[in-house]
Amino acid sequence: MREHSAIIFKEKKIGAFARAWLLVMPLALVLLGICVVLARPIRVGAESTMTHGTAEKTISEKQLKLTPPEDYEVDMSMQADAKDGAYNEYFLKDKLQTVKIKIDENNLNYMLQKAGSKPSVMTESVTIGDKTIGYTGLKTKGSYTLDHAVTENAGSDRFSFTVNFGKYIKKENYGVKQNFYGCRKISFNNFFFDKTMMKEYVSWVILSEMGLPTPQFGLTRLYINDEYYGVYFMVESLDQSILEQYWDVKKKDVGDYLLKPENTRLTYHEEMDKYLKEDGTFDFGSDLKLGKDGLYKVSGVLADQEAIWEFDDDSLQDVAEMLPTFFLWQKRINQLSKGTDFEGKKIDVNSDEYLELLNQIMDVDEVVKYFATHSFLVQNDNMFTGTKNYGLYVGFDGKCMVVPWDYDLSFGCFYPSTAEATANLSLDVMFRKEIFDRNGLTTVNEDEVYSEYPLFNVIYQNESLMKKYHEYMRECSKIAVLGGTTFTGKSYDPGLLYKLIQGVREPLIEAASEKVTDNVYYMNFINQPSGVKLGLPNLAKIIAMRSVGVLEQVDGVDATVCGYGCNLETLGNGAVGESSVSGRLTAVDERTGIFVTAMYGLKGKTEKGPLGHIHREEIFNKIRRKVGCGDSELAVYDVTNTADAEDGKYTVSVPVSMDFAKKGAEVYVYTKDGKVKKMDAAVDDNLYTITTDSFRYIAVAKKGSVAIRTWRNPVPHIVVIVLLIGVFLFFWFKPSIKSAKKKREALKKKI
C-alpha cells in the first residue's frame with residue numbers, strides 16, 4: 001500500500017513538473033530571442049533609434065558639407081588619361097589593397113541613414129595604398145542587395161559603395177574634372193552573395209584573359225574614419241575609362257552611350273517610328289529639349305523609353321545626344337533578329353549578307369566572346385532573367401559592344417544552384433527557360449528561347465557564329481584549368497585559377513579574420529573567416545568541374561561530370577545538391593586539371609560518385625628510376641578515387657605543362673601491382689588522353705628523355721648483370737690463375 005501511494009505521488013510530481021516546464025519553456029525561448037537581438041551590433045549609441053548609421057538623431061540635408069574649401073588645389077600629378085593605365089597598379093592581384101576614407105560624421109550618417117535612396121555625399125579624402133585624393137563623392141550602390149541590406153540587416157552599415165573622384169571637383173571650377181590617374185569611379189562590393197570573397201575575382205580573371213574590355217579589380221581592406229568595415233571587392237566602375245584603355249584612345253573617340261540597361265530586353269517598339277526621317281535616321285524634335293537650366297528633358301513616346309538610360313536623369317544628360325544613334329542601332333538589331341535586312345526584307349540568317357549587315361552594327365567577335373565567357377561562368381542573374389547586370393556600349397559609328405559587369409552570383413549560385421547541374425549546364429542555356437504550371441510540370445518552346453532577346457538572338461540563329469561561340473567556351477576551359485594555347489596564341493599551364501586562389505588565400509583569410517567595427521557585420525548570414533576557409537576549396541572544384549563539363553559538351557562526349565565532393569552552398573546562395581552515382585561519369589581534379597571518365601554503378605547500387613584526388617607523387621624518385629629520366633623531365637601524380645569503374649576501364653585525360661607540350665610528352669601508368677606501362681595517348685594541344693584498366697600513379701615525361709622505357713621486374717635484370725660481371729671477372733683473372741698454376745707446378749718440380 002505504501003509502495004502504491006509512493007508511485008501515485010511520484011506520478012503527480014512528474015505531471016506537475018511537466019506542466020511547469022510547458023509554461024516556462026515558451027517564456028525562456030522569448031527571453032533567449034531578446035538576448036540574441038540585443039547581442040547584435042545594432043548601433044554604436046546605446047539609446048539610438050536609427051536602423052543604420054552611428055548617429056542617434058536623423059541627419060538632415062542642411063547639416064551636410066558638400067562644398068570643397070576654396071583653397072583646394074587638384075594634385076595634377078595624379079591626373080592622367082585612362083588609356084595610359086597608370087591606375088592599374090593600385091588594383092592588386094596577389095594581395096589586398098588598403099583603402100581609407102575620411103568623411104565628416106554628418107555626411108557619413110546621412111548617407112547610411114538614407115542608404116536605400118543612394119544619396120551622394122562629399123568625403124574629406126580617400127587614400128588608396130600610398131596615394132591620397134581629396135573631396136571625392138561617395139554613395140551607396142546596388143539594387144536587390146542594397147534593398148535587403150537596408151531592410152533586413154538592421155545594425156550593419158556594410159553597404160556597397162562607389163567613390164566618384166570628380167563629383168565635386170569639376171572642370172569649370174578647378175580647370176580639370178578630378179580623376180585618380182585616369183580612373184573616374186571605383187566601386188566597393190560587399191560580397192552579399194559570396195562567402196568565398198573570390199567569385200568575382202576569378203570571374204574577372206577569365207573575362208580579362210579572354211580579351212574582353214574588363215574593369216580593373218582586386219581585393220581590399222576598407223576603413224571609414226579609421227573604423228574597419230571588412231574585406232571588399234574593389235572594381236573600376238562601368239565608365240568610358242574602361243574602353244579608353246581597351247582601345248588605347250582618348251575620351252573624344254569613345255561614345256557617351258555606355259550604360260547598364262535594366263527592365264528592358266532591348267526590343268524595339270514600333271511607335272518609335274514616328275521619329276524616323278526619310279533617310280532612316282531619327283529626329284526627336286521637341287520631345288528631346290535642352291532646358292534653360294542646361295538639362296535635357298524628354299516627352300512624348302520617347303519618355304516611355306526610360307529603361308534605355310537606366311531611369312536616371314543624370315544618365316539621360318550623359319547620353320541625350322547619342323539617343324538618335326542608339327535607337328537606329330536598336331531598330332536594326334531587332335530587324336536582323338527577326339530575319340530581315342534593314343529595309344525589312346526577308347534574309348537568310350546563315351548567309352554572308354546577314355553577317356555583313358551584322359558587322360555594321362556590332363563588334364561581332366567581341367560580343368560572341370562575351371556571351372561564350374558569360375555562359376562558361378554560369379552567371380544566370382543576367383539580361384535573360386533580370387534584364388540587368390551587363391554594360392551596353394553603342395559608339396558613334398552605330399556599332400555595339402557588351403561590357404561585362406556584376407559576377408557575384410557566378411558559378412551557378414543564382415541558378416541552377418547545385419554543383420553537378422552547374423558543371424553540366426547546357427552550353428546554350430543562360431537563363432531558366434522552364435515554365436512551371438500549377439501541377440509542377442514544365443514546358444519549353446525551344447524556338448522562342450531567345451527570340452525576345454535580340455542582342456543574343458542575332459548570334460544564336462547563325463550556325464557559324466554559334467560554332468565560334470562554342471570554341472570560345474573551350475578557350476575558357478583552357479585558361480581556367482586545363483591549359484593549352486588559345487586563339488590569341490597565348491599559352492597557359494594547367495591549374496591557373498587554382499594557383500591564383502591559393503596565392504591570395506592566406507592574406508584574404510587574415511583580412512577576413514580581423515574584427516570589424518561595431519556598426520558592421522558580414523551580411524546575409526555570412527560568417528568570416530569560416531566562409532572563406534570552407535568556400536575556397538569548393539570554388540576551385542566547381543571551376544574545374546565546369547571546365548571539363550564545357551569541354552565534354554563541345555567535343556560531344558557522352559558523360560556527366562559528377563558533382564560528388566563539391567558543395568555549392570559554401571559559395572553563398574547555392575545548394576548542397578545530389579550527385580550521380582551511376583552511368584558514364586567524369587571526376588576532375590582542380591589542382592592539376594586531370595580528369596577521369598568511366599562507367600560506374602551499373603551492376604549494383606553505390607553510395608558515392610567518383611571523386612578524383614591527384615597529388616604530386618611522394619615517392620617520385622622510385623618512379624623516376626623506373627622510367628630513367630631527370631627531375632625536370634618528369635611529372636608524377638598520385639591518384640586516388642572514391643569509386644571504382646564497373647568494367648575496370650578508365651579514360652584518363654592529362655593536361656601537361658606547356659614546357660612538356662612543346663617537346664611532346666609520353667604518358668606512363670604505374671599500376672597497383674608495381675608495373676610501369678608506356679601508354680598510347682591521343683593528343684589535342686596539351687591534353688593527353690589514354691585508356692587504361694589499372695593505375696595507381698600517372699607519370700608524364702618529356703619525349704625522348706626516358707632511358708629505359710619499361711622495367712617491369714628488376715630481378716631478371718639483376719641476375720643478368722651479376723652473371724655478366726662474373727664472366728668479366730672470370731676472363732679478367734683467368735691469365736693470372738694460369739700463371740699462378742704454372743708457378744706452383746714449377747715449385748713442386750724443384751722440390
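This structure is a prediction, so every number in the text was calculated from the model and none was measured.
- Here the CD1-CZ distance, from I690 to F695, works out to 8.0 Å after rounding to the nearest 0.5 Å.
- Other residues, nucleotides and ligands contribute more than 12 heavy atoms inside 6.0 Å of the NZ atom of K388.
- Note on E590 versus K541: salt bridge recorded, some NZ/NE/NH1/NH2 to OD/OE distance being below 4.0 Å.
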Audit row: R474, E471, salt bridge (Lys or Arg N to Asp or Glu O under 4.0 Å) steps and yes/no
CA-CA 5 Å; R474 183 204 296 270; E471 286 303 314; 3.3 Å; yes
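- When only modelled atom types and interatomic distance are considered, N189 and Y407 share no side-chain donor-acceptor pair under 3.5 Å.
- A donor-acceptor pair is defined here as one N or O able to donate and one able to accept, closer than 3.5 Å; such a pair exists between the side chain of D194 and the backbone of M197.
- Within the 4.5 Å cutoff, no side-chain heavy atoms of V652 are placed close to those of V639.
- The closest donor-acceptor contact from the side chain of N573 to the backbone of F193 lies at 3.5 Å or more, if one exists at all.
- Looking only at side-chain heavy atoms (C-beta outward), M210 and C476 come within less than 4.5 Å of each other.
- Residues L355 and S464 come closest through the heavy atom pair CD1-OG, 4.0 Å.
- By the 4.5 Å heavy-atom criterion applied to side chains, D644 and Y650 are counted as neighbours.
- Side chains of V235 and E200 form no contact here, defined as non-hydrogen atoms less than 4.5 Å apart.
- At a threshold of 4.5 Å between non-hydrogen side-chain atoms, the residues I501 and V202 count as touching.
- Residues F233 and W204 have side chains in contact (heavy-atom distance under 4.5 Å, counting atoms from C-beta outward).
- Rounded to the nearest 0.5 Å, atoms CG (N538) and CD1 (I543) are 11.0 Å apart.
- Although no hydrogens or angles enter the test, the distance criterion places a donor-acceptor pair under 3.5 Å between the side chain of E646 and the main chain of G601.
- One side chain, E420 or S580, offers a donor N or O that lies under 3.5 Å from an acceptor on the other.
- Put simply, OH on Y144 and CG on L409 are 9.0 Å apart, with the number rounded to the nearest 0.5 Å.
- Of the possible donor and acceptor atoms, one in the side chain of N567 sits under 3.5 Å from a partner among the backbone N and O of E569.
- Residue-environment remark: CD (E463) stays at or below the threshold of 12 foreign heavy atoms within 6.0 Å.
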After noting the C-alpha distance and the side-chain angles of T651 and R584, does the key distance pass the side-chain contact (heavy atoms from CB on, under 4.5 Å) rule?
CA-CA 11 Å; T651 300; R584 189 166 179 78; 3.9 Å; yes
Criterion side-chain contact (heavy atoms from CB on, under 4.5 Å) on V403 and Y390, from CA distance to verdict
CA-CA 6 Å; V403 180; Y390 68 101; over 6 Å; no
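- A pairwise comparison of heavy atoms in Q553 and L427 identifies OE1-N, 3.2 Å as the closest pair.
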Yes or no on side-chain contact (heavy atoms from CB on, under 4.5 Å) for L266 and L392, after CA distance, side-chain angles and deciding distance?
CA-CA 10 Å; L266 299 177; L392 176 64; 4.0 Å; yes
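- Within 6.0 Å of CG in D555 there are more than 12 heavy atoms belonging to other residues, nucleotides or ligands.
- The two residues I614 and Y637 make their nearest non-hydrogen contact at CG2-CB, 3.4 Å.
- Taking all atoms of both residues into account, the shortest heavy-atom contact from A665 to V700 is CB-CG1, 3.8 Å.
- Shown here are the side-chain contact (heavy atoms from CB on, under 4.5 Å) partners of Q502, two or more places apart in sequence or in another chain: Y498, R505.
- Residues that satisfy the side-chain contact (heavy atoms from CB on, under 4.5 Å) test with V561, not counting sequence neighbours, are A423, N424, M545, V548, E552, T586.
- Judged by distance alone, the side chain of T560 and the main-chain N or O of C562 form no donor-acceptor pair under 3.5 Å.
- Within 6.0 Å of NZ in K499 there are more than 12 heavy atoms belonging to other residues, nucleotides or ligands.
- Residues S375 and Y469 have side chains that bring a donor and an acceptor to within less than 3.5 angstrom of each other.
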Yes or no on side-chain contact (heavy atoms from CB on, under 4.5 Å) for Y453 and Y460, after CA distance, side-chain angles and deciding distance?
CA-CA 10 Å; Y453 301 92; Y460 183 71; over 6 Å; no
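- Judged by distance alone, the side chain of T373 and the main-chain N or O of K369 form a donor-acceptor pair under 3.5 Å.
- Between E475 and K478 there is a salt bridge, since a side-chain N of the basic residue sits under 4.0 Å from a carboxylate O of the acidic one.
- V402 and P213 get closest at one heavy-atom pair: O-CG, 4.2 Å.
- Each of I479, V481, V205 was compared with L497 under the side-chain contact (heavy atoms from CB on, under 4.5 Å) criterion, and only V205 meets it.
- The closest side-chain heavy-atom distance from M198 to V532 is not below 4.5 Å.
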With ring-ring contact (aromatic ring centres under 6.0 Å, His included) as the test, would you mind laying out the steps for F191 and Y522 before giving the verdict?
CA-CA 8 Å; F191 303 114; Y522 289 99; 8.1 Å; no
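- Remark: F91 engages no residue in a ring-ring contact (aromatic ring centres under 6.0 Å, His included) (not counting sequence neighbours).
- Here R591 pairs with D589 in a salt bridge; the nearest charged N to carboxylate O distance falls below 4.0 Å.
- Judged by the 6.0 Å distance and 45° axis criteria, K93 is positioned over the aromatic ring of F217.
- Put simply, the residue from F371, F376, F487 that forms a ring pair (Phe, Tyr, Trp, His ring centres under 6.0 Å) with Y472 is F487.
- Put simply, the side chain of T642 gets close to the backbone of G609: a donor and an acceptor are under 3.5 Å apart.
- Side chains of S410 and S203: a donor on one and an acceptor on the other come within 3.5 Å.
- Between the side chain of S579 and the main chain of Y564, a donor-acceptor pair closer than 3.5 Å is present.
- Of the possible polar contacts, none joining the R696 side chain to the D638 backbone as a donor-acceptor pair under 3.5 Å is found.
- Without hydrogens or angle criteria, D363 side chain to M401 main chain gives no donor-acceptor distance under 3.5 Å.
- Contact between L482 and P494 at its shortest, heavy atoms only, is O-CG, 3.7 Å.
- Here the OH atom belonging to Y450 is positioned 11.0 Å from the CD1 atom belonging to I459, to the nearest 0.5 angstrom.
- Taking 4.5 Å as the limit, every side-chain heavy atom of P610 sits out of range of all side-chain heavy atoms of V596.
- A salt bridge is defined here as a Lys NZ or Arg NE, NH1 or NH2 lying under 4.0 Å from an Asp or Glu carboxylate O, and K490 with E209 meets this definition.
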Would Y697 and Y668 count as a ring-ring contact (aromatic ring centres under 6.0 Å, His included) if you check the C-alpha gap in whole Å, the side-chain angles of each, and the deciding distance to 0.1 Å?
CA-CA 8 Å; Y697 301 100; Y668 294 81; over 10 Å; no
